[in-house]
Amino acid sequence: MSDADWLAKRFEASRGHLRAVAYRMLGSLGEAEDAVQESWLRVSRADTSGLENLEGWFTTVVARVCLNVLRSRRSRREESLEAEGTKPRASLAKGMDPEDEAVLAESVGLALLVVLERLTPAERVAFVLHDVFDLAFEDIAAIVGRSPAAARQLASRARRRVRGTSRGSGAALSEQRQTVEAFLAALRAGDMNGLLAVLDPDIVRRADSVAVTLEEARELHGARAVAEEALKYRDIARFARPIQVNGSAGIVVAPEGQLRTVISCTVEGGKIKKMEVIADPEHLRKLNLTVFPD
């Protein structure tokens, strides 16, 4: 076997791991596949003699490619924030099954993908490499062009932005999460009684002008009215997950991890008393979104 064939075989053996790294950094299966392929082109042209940890080096190459993609994406977003906020990012490579990406997004966590999108490129790379894949800060530092201490700070800052701080006690937040999860479970099942069980009889649902059509009310009152409306959106409930919105329980709707709608919930005594449906891109960008603790 030639050296080139041997290197190709080693890279293919690591492709699943490398794709997982790239997907968490980019949040798009198509872009992740492209990043891995670009990494192979770089690897195939490099001198690998003397390398002891090939998979570690492969990971470093992929991380650098992803960092470049994230920086380019951020630059484009700053040039056209409104366009980026209202249009879905192309994420599927030609011929790729959308179900594959949906399954992958589910395995990673839709809420986590949404929050990762809010990190700076360097923060996202440092967080993913260290907190998810346990890469040493010395190695991360070389990728992001910082010192090991600065790389540690990047990961720490990202961790705070991902996990956040909640209002009230952990028990109260846990109850809020359980209530929101019960609402989503009933919605996916089309269970009217289940929805009514977790909605306060006097619930108020407010929505911005982007979230509702001209025929829909900006404000609804009463559990049955809110439940009936919610059931109209049963099909997209599979893209909805609990998330913390400004420190309290809420719901994020994110097909393939791409943020579309946030529902901020006020939960008291195991019942949802208020729901605010937010789809306006400018408002979405201002929300503090964090994942629930494991």
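Note that the structure is a prediction, hence the values are computed from the model and not measured.
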Using the side-chain hydrogen bond (donor to acceptor under 3.5 Å, both in side chains) criterion, which residues pair with [X]? Sequence neighbours excluded.
X      : answer
Asp47  : Ser49
Arg10  : none
Arg234 : none
Arg146 : none

### Query
Can a salt bridge be assigned to the pair Arg73 and Glu117 using a cut-off of 4.0 Å between side-chain N and carboxylate O?
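Salt bridge: yes.
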### Query
Under 6.0 Å from the CG atom of Asp235, do we count more than 12 heavy atoms belonging to anything else shown?
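It does not: Asp235 CG has 12 such atoms or fewer within range.
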### Query
Around atom CG of Asn53, are there more than 12 heavy atoms of other residues, nucleotides or ligands at under 6.0 Å?
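Enclosed.
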Strictly distance-based, threshold 3.5 Å: is any side-chain N or O of [X] a donor or acceptor partner for the main-chain N or O of [Y]?
X      : Y      : answer
Thr179 : Glu175 : yes
Asp208 : Ala279 : yes
Gln244 : Val291 : yes
Glu123 : Thr120 : yes
Arg24  : Ala20  : yes
Ser44  : Leu41  : yes

Can you list the residues that meet the salt bridge (Lys or Arg N to Asp or Glu O under 4.0 Å) rule with [X], with sequence neighbours excluded?
X      : result
Arg71  : none
Arg218 : none
Glu52  : none

### Query
Which pairs pass salt bridge (Lys or Arg N to Asp or Glu O under 4.0 Å) with one or both residues in residues 268-277, sequence neighbours excluded?
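For residues 268-277, and leaving out neighbouring residues, the salt bridge (Lys or Arg N to Asp or Glu O under 4.0 Å) pairs sorted by first residue read Asp200-Lys273.
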### From Ile243 atom CD1 to Leu289 atom CG, the distance as rounded to the nearest 0.5 Å
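Interatomic distance, Ile243 CD1 to Leu289 CG, rounded to 0.5 Å: 4.5 Å.
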### Task
Check step by step if salt bridge (charged side-chain N to carboxylate O under 4.0 Å, His left out) holds for Glu229 and Arg205.
CA-CA 10 Å; Glu229 180 189 66; Arg205 190 280 289 146; 2.7 Å; yes
### Query
Going by the side-chain hydrogen bond (donor to acceptor under 3.5 Å, both in side chains) test, which pairs reach into residues 183-196, not counting sequence neighbours?
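Of all non-adjacent pairs touching residues 183-196, none passes side-chain hydrogen bond (donor to acceptor under 3.5 Å, both in side chains).
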### Message
By the definition side-chain hydrogen bond (donor to acceptor under 3.5 Å, both in side chains), identify the one residue from Arg160, Arg152, Gln153 that meets it with Ser156.
### Response
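For Ser156, the side-chain hydrogen bond (donor to acceptor under 3.5 Å, both in side chains) check succeeds only for Arg160.
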### Message
I'd like to check Val114 versus Leu110 (side-chain heavy atoms, cut-off strictly below 4.5 Å). Are they in contact?
### Response
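Heavy-atom side-chain distance check fails, nothing below 4.5 Å.
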What heavy-atom pair brings [X] and [Y] nearest, and what distance separates the two atoms?
X      : Y      : answer
Leu284 : Ile278 : CD2-O, 3.5 Å
Val162 : Val115 : CA-CG1, 3.5 Å
Leu67  : Ala122 : CD1-N, 4.0 Å
Pro148 : Ala141 : N-CB, 3.6 Å

### Message
Enumerate the ring-ring contact (aromatic ring centres under 6.0 Å, His included) contacts for residues 45-69, please, sequence neighbours excluded, ordered by first and then second residue.
### Response
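For residues 45-69: Phe11-Phe58.
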Would you give me the side-chain donor-acceptor pairs under 3.5 Å for residues 59-66, sequence neighbours excluded?
from	atom 1	to	atom 2	distance (Å)
Thr59	OG1	His17	NE2	3.0
Thr59	OG1	Glu55	O	2.9
Thr60	OG1	Gly56	O	3.1

### Task
Kindly give the cluster partners of Leu199, where membership spreads through any ILVMFWY side chain lying under 4.5 Å from a current member.
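Grouped by the 4.5 Å side-chain rule, Val180, Phe183, Leu184, Leu187, Met192, Leu195, Leu196, Val198, Ile203, Leu220, Val226, Leu231, Ile251, Ile263, Val267, Ile272, Met275, Val277 form the rest of the cluster around Leu199.
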